[in-house]
Amino acid sequence: MIDTLIAGLLHGTIYALIAVGMSLIFGVSNVANFAHGSVFALGTMLGWLFGGALGWGFAPTLAAVVALTGLLGWVVDVLVVGPLAGAPPIAALLATLAVAMILDACSQLAFTPQTRAFPELLPTHNLQLGGVHFGTSSLALMAATGAAMAALWAFLRYGKAGRAIRATAQDIDAARQMGIAVARIRHLSFAIASALGGMAGVFMGLFNSSINPSSGAGAGLSAFVAATIGGLGSIPGAVAGGLVLGVVEAVGVYTFGGSSRDIIIFGALVAVLLLRPSGLMGAAAAVEGEPLTGTFLGGGQPVKPPWWGMLAALGLAALVPLLWGDVGAGIGTQVAAYAIAAVGLTLVAGGAGQIVLGLAGPIAIGAYASALLAVDLHLPFLAALPAGGLAAAVVSSLLTFPVWRLSGHYVAIATIGVGFITVALVRLAEPLTRGVNGLYGIPYPDLFGVRLVSTSQLYLLDLAVLAVAWLVVQRLTASHLGKAIRAIGSDATAARALGVDASAYKALAYAIAAFFAGLSGALLASQYTYIEPGQFDLSMSTLVLTIVVLGGLTSPLGAVVGSVILVGVPELLRSVFEGVPQVLDLLPQARVISYGLILILVIRFRPQGLLVRRASHIARADGPDASDATRRQRALAGASQAAAAHPSL
């Protein structure tokens, strides 16, 4: 047990190094930097390159990694995050998510996905005390962490730039008025934070021994949890959160097994967010209002094509199997399945204005619920499909119910935790779900006694479900309920003043989105005929969110177009280059890089999305005196009617 506690403290120290950087960035820029874990993972691979492939010693390897990752952090802020300084934090959060996708994929391309041994730059088991084995690397970690924390404390307390960082973190507007170059201070904060992440990556490589480009992702997420537990923006809280999480994780895994790791880590995250959203040592008023809502609202209205245009588009889509055969139909099934989930997400992300980062959880629930009903209870597809959607809505609502009383970035972070917890529960429920071995033998869909086995038949089924989902969401958006949800996204405070219970309406919007995500999962399960927990990871959630951002957060039709671009085009390229293995090997990473680049470009230059009209176009249509405030008043007027129509909410 003592070995377990020591291992927990060592891992907690690494978490603390990463978490300090995250808190430093958040304190200065109010940005939850999701790219920080990828910088840490890249630091691990650079440590392997310098220490293993090039044969450098520990000191030069550590210095080179710290320098390069620090430079990378500076570049990320200058090119990606900095230009979004005037936008609400949701824009920067999504941009850092895109940067993380690009960095992870580039690391896969540069180093290949294979697992390799990290060089033993320092001995890891050459010392013993009281029967406990440890190594010089452990002492070096403690010494390096202590020195880094002491240097950072002295810099922030006595250095001119350090005092400027503290002033900016306390009040950015006042700091700007005092003549502080806020942009340079933010650049410096990103550089320092990334350097600490790179240092942590080298030590993580020493302790893990075997590494690959994706091996640091879990530790990066754990460190983000540690920063949140300690209090985003609080450096002492980040250290405390890292150490506490490291010990809790080690003891929990020792007691309950490795499969419980995600439940322990993200369960602790959700618990702290519910009990003390600002963290153990964070300021209670660290976030006011809704910083992760409204960025893309008020900037335009979704394009509404005529009904005959939609019918014509549906007719053309139905001709895909005739025009492109099974290849086109196979691509279409993927496009339609992801579009169904994305269409539902527009209600909560675009309507209620709340970003959801864990939609893979409801997709997994829908997939497993429908598959188990079909495999174990032999329920027909027409019953299993809606049952999967209903199960996703109910279970997801129960898991997230307490979350909606939070605000801003805390809700987005909590949905990540709930998504991981959902998939972890699926993995742990082995007698029912078959656990990590996956669920085999899922039958193809059957309609009125006819088994749909051809790709064309499956595509037409998915297309029909997508058409119904789009129509339902469209009607909901135009209803009194939809007006109330949109009012919350436009101005939650004013909506509450009109009697609209923002938390209840957000929870309802999420439940509807989870229902459609469950339908998407059920369709994927019936077409794959095999599912396992690893399919429903953070990348699936990110893809659905990217689809919605590209098409327009408020546009259900935009979600369909976004799915065609982000799912259909890469699948088409894969089919074109199917006979060229050299190209096929690069396509998965190229696809992820393209997702990240598209997300950054859309956020920067077309934040309202492809199928949402610009505000200037709306102003011309509404008249010269029209404004965002006027349109917000219209939404609030609809909200007051909805509040009267739905008093129970």
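Because the structure is a prediction, the values reported are computed rather than measured.
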Side-chain polar contacts of residues 136-150 - donor-acceptor pairs under 3.5 angstrom, sequence neighbours left out - could you list them?
{"unit_1": "Thr136", "atom_1": "OG1", "unit_2": "Asn126", "atom_2": "OD1", "d": "3.4"}
{"unit_1": "Thr136", "atom_1": "OG1", "unit_2": "Asn126", "atom_2": "ND2", "d": "3.0"}
{"unit_1": "Ser137", "atom_1": "OG", "unit_2": "Pro123", "atom_2": "O", "d": "3.3"}
{"unit_1": "Thr145", "atom_1": "OG1", "unit_2": "Leu141", "atom_2": "O", "d": "2.8"}

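- Residues that satisfy the ring-ring contact (aromatic ring centres under 6.0 Å, His included) test with Phe224, not counting sequence neighbours, are Phe34.
- Residues forming a side-chain contact (heavy atoms from CB on, under 4.5 Å) with Ser38 (at least two apart in sequence, or on another chain): Ala100, Leu103, Asp104.
- With sequence neighbours excluded, the residues forming a ring-ring contact (aromatic ring centres under 6.0 Å, His included) with Phe266 are Phe420, listed by chain and number.
- Among residues at least two apart or in separate chains, there is no side chain to side chain donor-acceptor pair (under 3.5 Å) pair with a member in residues 150-159.
- Under the rule for a side-chain contact (heavy atoms from CB on, under 4.5 Å), the partners of Leu597 that lie at least two apart in sequence or sit in another chain are Ile102, Ile593.
- Applying the salt bridge (Lys or Arg N to Asp or Glu O under 4.0 Å) test to Arg176 and every residue at least two apart in sequence or in another chain returns Asp173.
- Within the structure, side chain to side chain donor-acceptor pair (under 3.5 Å) contacts touching residues 181-191 (residues at least two apart or in different chains) are Asp77-Arg186, Asp77-His187.
- Within the structure, no pair that satisfies the side chain to side chain donor-acceptor pair (under 3.5 Å) test touches residues 55-69, not counting sequence neighbours.
- Among residues two or more places apart in sequence or in another chain, the ring-ring contact (aromatic ring centres under 6.0 Å, His included) test is passed with Phe58 by Phe203.
- Annotation for Leu599 and Ala98: closest pair CD2-CB, 3.7 Å, computed over non-hydrogen atoms.
- With sequence neighbours left out, Gln589 forms a side-chain contact (heavy atoms from CB on, under 4.5 Å) with Ala105, Gln108, Leu109.
- For the side-chain contact (heavy atoms from CB on, under 4.5 Å) test, residues two or more places apart in sequence or in another chain that qualify with Val335 are Ile331, Ser563, Val564, Val567.
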